[in-house]
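Reviewing the structure listed below.
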Protein chains: 2
Amino acid sequence: MDAKGISRAVISRLPRYYRYLGELMEDGVERISSNELSEKMRVTASQIRQDLNNFGGFGQQGYGYNVQYLYTEIGKILGLDHVHHMIILGAGNLGQALANYVQFEKRGFKVVGLFDVNPVLAGVSVRGIEIKMISDLEEFLKNNSVQIAALTLPKNKAAEMADLLVANNIKAIWNFAHLDLTLPENVIVENVHLSESLMRLSYNLNRYVNEHQQ
Amino acid sequence: MDAKGISRAVISRLPRYYRYLGELMEDGVERISSNELSEKMRVTASQIRQDLNNFGGFGQQGYGYNVQYLYTEIGKILGLDHVHHMIILGAGNLGQALANYVQFEKRGFKVVGLFDVNPVLAGVSVRGIEIKMISDLEEFLKNNSVQIAALTLPKNKAAEMADLLVANNIKAIWNFAHLDLTLPENVIVENVHLSESLMRLSYNLNRYVNEHQQ
DNA sequence: TAGATTGTTAATCGATTAACAATC
DNA sequence: TAGATTGTTAATCGATTAACAATC
C-alpha cells in the first residue's frame with residue numbers, strides 16, 4: 001500500500017467511493033463491476049479502476065469487485081479502521097453541531113473535549129461532553145491523547161489557538177475559520193470554508209441568470 | 001465578461017482572491033502586483049494573471065492591480081453585488097449555526113426563512129427568524145422570492161425536499177446532506193460534505209503516521 | 001474453454017507554469 | 001524614456017480517458 005505521491009484529486013474521491021459502497025452493502029449487493037459503479041456514480045469506469053489501482057488490485061478479472069471487501073479496504077486507506085480522538089475549539093452553534101453529529105463517532109472520530117472562551121458556556125454539556133474553558137486546554141492536552149482539533153473559532157482567535165495546538169502536539173487541524181493557517185508542514189490542515197462554498201454557489205447562480213437574460 | 005467554459009478550478013480560487021484582497025484593503029494597501037500577491041497567497045503569479053484574465057484585464061502594465069477595484073470586480077463576478085434570499089431547511093444545530101452566521105448577510109446572503117419538521121421547534125426564533133414547519137414551505141415559497149435553499153436535513157428527508165424545492169422554483173441548493181442530489185441540470189447544487197472532509201483529513205493523518213513508522 | 005472484467009499502458013485532454021512582447 | 005508589470009502565447013506537466021493484453 002504505497003501511499004506516496006497520490007494526487008489530491010484521487011484522495012478527494014475516495015470518501016465518495018466509500019459512501020457508495022456503504023450504500024450498496026446496505027442494499028445487500030455483493031459484487032459490482034467498475035462499469036456498473038461508474039453508471040451509479042456518474043464517473044468513468046476507467047477513473048474508478050485507475051483510482052483504486054493506486055492502492056492495490058482490489059478486483060478480480062471477470063468478476064469485478066467484492067463490495068464488502070472494497071469497502072473495508074477503502075476504510076483502511078482512509079484511516080477509518082482506528083479511533084481518532086478529536087477536540088473542538090469553539091462551542092458556538094457550529095462547534096455544538098459538530099459535537100452533536102453522532103455519525104462521526106460511527107466512523108471512528110470521537111469527540112473527547114469541547115472548549116470555548118465564553119464563561120457563560122462553562123459547564124454546559126453537549127451530548128454528555130462538558131464545555132471547558134480554553135484556559136484549561138493545555139492542561140487537558142497534557143493528560144489526554146488527542147490527534148485532531150476542529151477549529152470553529154472566529155478568525156482573530158484561530159491563528160493563535162492553532163499555534164497553541166501545534167505546540168501541544170496536535171497533528172491535524174480541521175479548520176472552519178476563514179483564514180489560511182500557516183503551520184509546520186508536518187501538521188495536517190483540512191479547511192472547510194463555508195463562505196467560499198457559498199460564493200461558488202453564488203457564482204454559478206449568477207452566471208446562469210446572466211446567460212438566460214441576454 | 002464572458003463566463004462560459006471557465007473551469008471549476010479557476011472558480012474555486014476566486015473566493016480566496018476575494019478574501020486576500022479584502023484583507024489588503026483593510027490594511028490600506030492600494031495596489032499590488034501579481035508577484036507580491038503570489039508570495040502572500042503561495043500560488044504562482046502566472047496563475048493569478050491567467051485566472052483574472054478569464055474575466056477581463058483588471059490590471060495595468062507597469063503598475064499592477066488596484067486592490068479596491070479588483071476586489072469590487074471579483075465581487076461582481078461572484079454575484080456578491082446583489083442580495084440573495086436564502087432559506088434553511090433543517091433547524092438543527094447546523095441549520096441554526098448557518099442562520100446565526102451574520103457574515104453571510106454582509107456578503108448579500110439574507111436568511112429569510114428557517115424550516116423544520118420537529119414541532120418542538122415551531123415558533124422558536126433564531127436571530128429574529130421564527131422557525132416554521134416544513135408543511136408551510138410551499139405556501140411560503142409562493143409568497144416570497146427565494147433563490148437559495150440550504151439543506152441541513154438528514155439524508156432520508158433531503159432528496160424529497162430537494163424535489164419539492166425545485167418544483168417551487170428554487171434555483172440553487174446548498175447541500176449539507178450526505179447524498180448526491182439528482183436534479184434538473186439548470187439547478188445549481190453546491191455540496192458541503194463534512195464527513196468527506198473529515199475523511200480526507202484522516203487519510204492524510206494516517207499516511208503521515210505510516211510513513212514515519214517505517 | 002469462452003466470456004467478462006480487471007490492471008495497466010498509451011493517447012488525449014486540460015490545467016499550470018514559463019516566457020516574452022505589449023504597454024503603461 | 002527606462003523600468004515595471006501586465007496580458008497572452010507557448011511549453012510543460014499532470015490528470016483523465018481509451019484501449020487492450022492479462023487473467024479469473
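Bear in mind the structure is a predicted one, so any value in this text is a computation, not a measurement. Sequence lines set the chain letters: A, B, ... in the order given, protein chains first and strands last, and positions in each chain run from 1.
- Side-chain contact, B:N175 with B:N191: a donor N or O sits under 3.5 Å from an acceptor N or O.
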Counting only pairs under 3.5 Å, give me each side-chain donor-acceptor contact of residues 146-156 of chain B, with atom names and distances, residues two or more places apart or in other chains.
from, atom 1, to, atom 2, distance (Å)
B:Q147, OE1, B:H85, N, 2.8
B:Q147, NE2, B:S145, OG, 3.0
B:T152, OG1, B:L89, O, 3.2
B:T152, OG1, B:G90, O, 2.7
B:K155, NZ, A:E23, OE2, 3.0

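- The nearest pair of heavy atoms linking A:L80 to B:S202 is CD2-OG, 4.1 Å.
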Show which side-chain atoms of residues 10-17 of chain A pair as donor or acceptor with protein atoms under 3.5 Å away, not counting sequence neighbours.
from, atom 1, to, atom 2, distance (Å)
A:S12, OG, A:R8, O, 3.2
A:R13, NE, A:D51, OD2, 2.7
A:R13, NH2, A:D51, OD1, 3.0
A:R13, NH2, A:D51, OD2, 3.4
A:R16, NE, B:D180, OD2, 2.9
A:R16, NH1, A:M41, O, 3.4
A:R16, NH2, A:M41, O, 2.9
A:R16, NH2, B:D180, OD2, 3.0
A:Y17, OH, A:D51, OD2, 2.6

Run the side-chain donor-acceptor check on residues 60-69 of chain A: report pairs under 3.5 Å with partners two or more places apart or on a different chain.
from, atom 1, to, atom 2, distance (Å)
A:N66, OD1, A:Q68, N, 3.1
A:N66, OD1, A:Y69, N, 2.8

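- The residue among A:R8 and B:L52 whose nearest nucleotide of DNA chain D lies closer to the 5′ end is B:L52.
- Contacts between residues 31-48 of chain B and DNA chain D, defined by a heavy-atom separation under 4.0 Å, are made by B:R31, B:S33, B:S34.
- Between A:K40 and A:E36 there is no salt bridge, since none of the side-chain N atoms of the basic residue sits less than 4.0 Å from a carboxylate O of the acidic one.
- Contact check of residues 61-68 of chain A against DNA chain C (heavy atom, cut-off under 4.0 Å) returns A:Q61, A:G62, A:Y63, A:G64, A:Y65.
- Judged by distance alone, the side chain of A:R127 and the main-chain N or O of A:A99 form a donor-acceptor pair under 3.5 Å.
- Under the 6.0 Å cut-off for aromatic ring centres, A:W174 and A:F104 qualify, their centroids lying closer than that.
- Scanning for side chain to side chain contact (heavy atoms under 4.5 Å, CB included) contacts around B:S46 gives B:T44, with sequence neighbours left out.
- Among residues two or more places apart in sequence or in another chain, the ring-ring contact (aromatic ring centres under 6.0 Å, His included) test is passed with B:Y18 by B:Y71.
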Dot-bracket line, read 5' to 3' along DNA chain D, where crossing pairs take [ ] and | marks a partner on another strand, Watson-Crick or G-U under 3.5 Å: ..||||||||||||||||||||||
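- Heavy atoms from other residues, nucleotides or ligands lying under 6.0 Å from CD of A:E105 number more than 12.
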Should B:H84 and A:N206 be marked as a side chain to side chain donor-acceptor pair (under 3.5 Å) after you check the CA-CA gap, both sets of side-chain angles, and the distance that decides it? CA-CA 10 Å; B:H84 295 98; A:N206 194 46; 5.5 Å; no
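- Looking at residues two or more places apart in sequence or on another chain, you find no side-chain hydrogen bond (donor to acceptor under 3.5 Å, both in side chains) involving B:S38.
- Every residue meeting the side chain to side chain contact (heavy atoms under 4.5 Å, CB included) condition with A:I129, not counting sequence neighbours, appears here in chain and number order: A:V111, A:L114.
- Along DNA chain D, read 5' to 3', the first and last nucleotides having any atom under 4.0 Å from a heavy atom of chain A are D:dA15 to D:dC24.
- Contacts between residues 11-27 of chain B and DNA chain C, defined by a heavy-atom separation under 4.0 Å, are made by B:R13.
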